[in-house]
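This report concerns only the one structure given below.
Numbers for residues simply follow the sequence, beginning at 1. Every number for a ligand or one of its atoms is a count from 1 in the order of the listing. Keep in mind that this is a model prediction, so the values were computed, not measured.
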Amino acid sequence: LRGLRAAGSSSSRSRNATQQRLPGAVIIGVRKGGTRALLEMLNLHPDVEVAKAEVHYFNVEEHFRRGLAWYRAQMPFTLPGQLTVEKTPGYFASPHVPVRVWEMNPAVRLLLIVRDPAERLVSDYTQVLHNRVTRHKPYQPLEELLLRQGHIDPAYKALQRSLYHQHLARWLDVFPREQVHVVDGEALIRHPFPELRRAERFLDLPPRIAPSNFYFNTTKGFYCLLSAGGHDKCLDESKGRPHAPLSSQAFRKLCGYFREPNRLFFEMVGRSFSWC
Ligand SMILES: Nc1ncnc2c1ncn2[C@@H]1O[C@H](COP(=O)(O)OS(=O)(=O)O)[C@@H](OP(=O)(O)O)[C@H]1O
């Protein structure tokens with residue numbers, strides 16, 4: 001397909017059959033959960049084509065106002081039977097998004113990749129910090145944002161994004177539980193293949209992704225991807241950055257804070273994770 005899609009292709013198959021189609025599956029979050037890795041890994045499947053850039057259609061008003069024709073125009077070209085997938089981690093915690101996604105296609109499949117919410121928060125802060133430092137903007141240390149008079153400040157945005165049960169509850173008000181597949185982000189880092197096999201099953205795809213599509217890159221410290229065409233791909237340096245420092249005392253407080261929200265999330269998804 002990639003060849004067929006090349007500009008100026010005269011193949012009748014290309015002209016007649018490839019089209020931009022709305023996604024049949026969306027990776028809705030969580031931010032810093034491993035959404036890029038999951039998207040790139042699904043793209044190894046011959047029946048999957050992905051939107052390379054985050055689209056932010058349902059969560060950014062300016063985009064949403066442009067309508068579904070605009071959204072479709074952001075999608076890759078696919079042959080009939082191929083599955084289009086997009087990922088925008090900002091969808092998960094945006095209040096209006098679940099209904100908007102349902103209105104696009106009530107049968108769409110949703111993928112949610114989660115990781116330890118305390119680690120996710122630190123990763124989230126680290127990304128914001130990196131952006132501010134790069135733009136020569138002032139920044140506050142994580143502990144200043146996270147703690148108020150020694151207690152966790154519930155108003156901190158990155159903390160709220162880690163309250164998975166609250167956000168998922170809004171999705172489950174709209175979509176049946178079976179339509180949401182939860183991917184374990186830590187497991188995807190350690191052993192990507194089994195997580196991908198489960199995702200293929202959820203998406204009703206024939207099993208085509210193989211262990212040989214992954215190799216551990218010792219320099220990067222992560223698995224990288226090998227596609228059938230022999231392309232070798234690691235995620236860029238924005239993934240797997242060293243995390244900003246946080247005292248072990250503050251981290252413990254954070255873990256304590258998430259205990260109950262995590263329990264509620266586990267109940268909601270019917271499985272538990274070994275988070276702090
Ligand atoms: N194979 C592989 N290679 C590199 N990185 C990997 C991989 N699998 C998962 N991850 C983890 O993905 C984390 C970034 O998550 P996202 O892609 O969801 O981030 S973002 O929200 O789109 O910015 C990123 O989090 P940090 O380590 O905190 O940077 C990675 O740990």
Side-chain angles (χ1 to χ4, degrees), residues 25-45 50-60 85-94 97 110-134 142 146 157-164 167-168 181-199 209-227 231-246 251 254 258 273 275-276:
V26 179
I27 300 173
I28 57 174
V30 302
R31 182 173 145 117
K32 306 315 291 179
T35 56
R36 174 60 59 186
L38 180 60
L39 185 83
E40 297 293 344
M41 289 172 182
L42 282 172
N43 199 28
L44 291 164
H45 198 289
V50 307
K52 285 288 175 196
E54 289 179 10
V55 185
H56 291 274
Y57 172 65
F58 298 104
N59 61 332
V60 172
V85 184
E86 81 118 328
K87 79 112 176 168
T88 300
Y91 289 161
F92 183 55
S94 286
V97 172
L110 306 171
L111 293 149
L112 175 68
I113 178 163
V114 291
R115 84 191 268 196
D116 185 318
E119 291 291 346
R120 196 217 66 80
L121 180 153
V122 180
S123 177
D124 193 332
Y125 169 83
T126 304
Q127 167 152 324
V128 175
L129 174 73
H130 175 86
N131 294 343
R132 295 191 74 86
V133 170
T134 315
L142 175 53
L146 186 63
K157 274 273 166 224
L159 180 94
Q160 292 176 356
R161 284 195 284 268
S162 277
L163 298 175
Y164 303 154
H167 307 301
L168 184 63
H181 177 67
V182 178
V183 177
D184 179 342
E186 278 99 9
L188 189 84
I189 292 177
R190 284 193 309 270
H191 304 293
F193 172 67
E195 285 302 316
L196 266 293
R197 186 45 52 95
R198 281 189 270 275
I209 300 172
S212 58
N213 286 125
F214 306 100
Y215 74 94
F216 191 77
N217 182 308
T218 46
T219 318
K220 179 95 185 135
F222 284 97
Y223 276 91
C224 296
L225 283 58
L226 278 174
S227 65
H231 292 290
D232 175 344
K233 180 180 184 132
C234 297
L235 300 200
D236 72 28
E237 65 286 352
S238 71
K239 313 293 176 184
R241 290 189 190 108
H243 283 183
L246 182 65
F251 196 82
L254 200 50
F258 283 127
F273 296 83
W275 294 338
C276 73

Can you list the atoms of ligand 1 that are under 4.0 Å from a heavy atom of Glu54? 22 (O)
Walk me through whether Arg115 and Leu188 qualify under side-chain contact (heavy atoms from CB on, under 4.5 Å). CA-CA 10 Å; Arg115 84 191 268 196; Leu188 189 84; over 6 Å; no
Step by step, work out the side-chain contact (heavy atoms from CB on, under 4.5 Å) result for Leu246 and Leu146. CA-CA 10 Å; Leu246 182 65; Leu146 186 63; 4.1 Å; yes
Any idea which of Gln127, Lys32, His130 brings a heavy atom closest to atom 13 (C) of ligand 1? Lys32
What protein heavy atom is closest to atom 22 (O) of ligand 1, reported as residue, atom name and distance in Å? Lys87 NZ, 2.8 Å
Thr35 and ligand 1 - part of the residue with a heavy-atom distance under 4.0 Å: both
Considering only NZ, NE, NH1 and NH2 on the basic side and carboxylate oxygens on the acidic side, decide whether Arg36 and Glu40 come within less than 4.0 Å. yes
So, regarding Arg31 and ligand 1 (criterion: nitrogen or oxygen to nitrogen or oxygen, under 3.5 Å), is there a contact or not? no
Between Leu121 and Leu159 the two heavy atoms that sit nearest each other are CD1-CA, 3.4 Å
Among protein heavy atoms, which sits nearest to atom 14 (C) of ligand 1, and what does the distance come to when rounded to 0.1 Å? Lys239 CD, 3.7 Å
Look only at interatomic distance and state if Gly34 has a nitrogen or oxygen under 3.5 Å from any nitrogen or oxygen of ligand 1. yes
Would you say the side-chain atoms of Lys87 pair up with the backbone N or O of Leu111, donor to acceptor, closer than 3.5 Å? no
So is there a nitrogen or oxygen of Arg36 less than 3.5 Å from a nitrogen or oxygen in ligand 1? yes
Go through it in stages, so that I can follow the logic: the residues are Val114 and Tyr164, the test is side-chain contact (heavy atoms from CB on, under 4.5 Å), and I'd like the CA-CA distance, side-chain angles, deciding distance and then a yes or no. CA-CA 8 Å; Val114 291; Tyr164 303 154; 4.0 Å; yes
Pairs of nitrogen or oxygen atoms closer than 3.5 Å, one from Gly240 and one from ligand 1: do any exist? yes
Would you kindly specify which portion of Glu119 sits under 4.0 Å from ligand 1, judged on non-hydrogen atoms: side chain, backbone, both or neither? neither
Considering only heavy atoms of Arg241, which atoms of ligand 1 have at least one such atom less than 4.0 Å away? 29 (O)
Is the backbone of Gly29 close enough, under 3.5 Å, to the side chain of Thr35 for a donor and an acceptor to pair up by distance? no
Pair Asp116-Phe258, side-chain contact (heavy atoms from CB on, under 4.5 Å): steps then yes or no: CA-CA 9 Å; Asp116 185 318; Phe258 283 127; 5.7 Å; no
Please give me the minimum heavy-atom distance between Asn59 and Tyr91, naming the atom from each residue. OD1-CE2, 3.4 Å
Counting only heavy atoms not in His243, do more than 12 sit closer than 6.0 Å to its NE2 atom? yes
Nearest protein heavy atom with distance in Å, relative to atom 9 (C) of ligand 1: Ile189 CG1, 3.3 Å
Which protein non-hydrogen atom lies closest to atom 8 (N) of ligand 1, naming both residue and atom, and how far is it? Ala37 CB, 3.3 Å
Atom 25 (O) of ligand 1 sits nearest the protein heavy atom Arg115 NH1, 3.1 Å
Can you pull out the closest protein heavy atom to atom 1 (N) of ligand 1? Residue, atom name and distance to 0.1 Å, please. Tyr223 O, 2.9 Å
